[in-house]
Amino acid sequence: MKSMFKLHATALLTAGALALPAFAQQAPLKVGLMLPATGTFAALGTAIENGFKLYVTEQGGKLGGRDIQYFKVDDESEPSKATDNVNKLIKRDNVDVLIGTVHSGVAMAMAKAAKDSGTLLIVPNAGADAVTGPMCAPNIFRSSFSNWQQGYAMGDWVHKRGHKNVVTIAWKYAAGDETIAGFKDSFQKAGGKVVKELSLPFPNVEFQALLTEIAALKPDAVYTFFAGGGAVKFVKDYAAAGLKKSIPLYGAGFLTDGTLEAQGTDAEGIHTTLHYADGLGTARDNAFRVAYVRTYRLPPDVYAVQGYDAAQMLAAGLAGTKGDISRKADFSAALRKAKIDSPRGTFTLSKNHNPVQDFYVRQVVGKENKPAGVAIKALADPGRGCSMQ
Ligand code: PHB
């Protein structure tokens, strides 16, 4: 009896296998969201998740014809827990795709796990140069930026403002180090001099001694990388130390993105560069912003855009495989040639799978980072150390 049942089951399975595409497409696509839900980057994780889900909802809840099933891990922006955390999604939950994360150190551990296991990874923020450099792989993509890219975008522009001697200050980890390196690249090429590079460990916010040092050094300007809760405190402390009036403060746009409610008037007038700004005025961006506010009752920011675009990128890859994520080469080929219709403006991916995009100059006016020109058009990350062609 038992063996007859087995025989039937096998026959049924075989018949099912012949009709596999339709069957497979009905199984939900398992999406693993590895983002910070706690710590200095918690709000950034929320915005990325919101953005991702907004795009999915706009597609009727499906991507590539497949329902979406979410699995979530709070990565706490903690690199020492990153490998264990990503393996919960890869090995325990068996996800089809990883979406994460914010912190560069955590993202590098995710990239290693993605490369080793062959799981598709789309990075919706972390700029770690290595992810689209030496660690690049056919199954690893980024919807955001590289750290070099965002730093490089501002150096020339700050020099053109007439600043010759600059002090930099950032958290001491990949994102801070690489953003400052990118800034130096273009600032020094333009003839500027970085007189001192100050740093403190992530996620410390004891800025006082460093602000005293800046006051004593009296540079023409200060360039920074801070984000999330740390950026809020830095901008407030900079103003409270009386430096805002005497030494202009610049930064990678994260300094004032998703933070303006908390920074209040202390952020007013600050110039930054980033691949997004509030009020670009395009139909695409307007529609995105209206939908985001209506859905979440929160102001849209760059993190929401990057999450939204991670979902668009997943859809673009699936469109090339009729929803079958196991066709890895076809998925990769489709996404490599995709044009992503982002709220930031349309972008394509460079050979190392990082967005080729415009970087806007923005200035804080009230609660918004208003566009004030383009610092650099169609900037591509050089993909140093990536051998993918
Ligand atoms: C990073 O760690 O790469 C990082 C974190 C927060 C940001 C941007 C980059 O806003």
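Position 1 is the first residue of the sequence; numbering continues from there. Every number for a ligand or one of its atoms is a count from 1 in the order of the listing. Note that the structure is predicted; figures quoted are calculated from it, not measured.
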### Message
Going by disulfide (SG to SG under 2.5 Å), name the pairs with one or both residues in residues 135-181, residues two or more places apart or in two chains.
### Response
C136-C386
### Summary
Less than 4.0 Å from some atom of ligand 1, heavy atoms are found in residues F41, L44, V102, H103, S104, N125, A126, G127, F145, N147, Y173, A175, F225, A227, F254, Y303
### Task
For the pair R362 and D278, find out whether any cationic side-chain nitrogen is under 4.0 Å from an anionic carboxylate oxygen.
no
### Message
Check for me whether K53 meets the cation-pi criterion with Y70, that is, NZ or CZ under 6.0 Å from the six-membered ring centre and within 45 degrees of the ring axis.
### Response
yes
### Query
Ring centres of Y308 and F288 under 6.0 Å apart?
yes
### Message
Are Y276 and D301 packed together at the side-chain level, in the sense that at least one heavy-atom pair is separated by less than 4.5 angstrom?
### Response
no
### Message
Looking at K30 and D93, is there a salt bridge between them, counting it only when a charged N and a carboxylate O are closer than 4.0 Å?
### Response
no
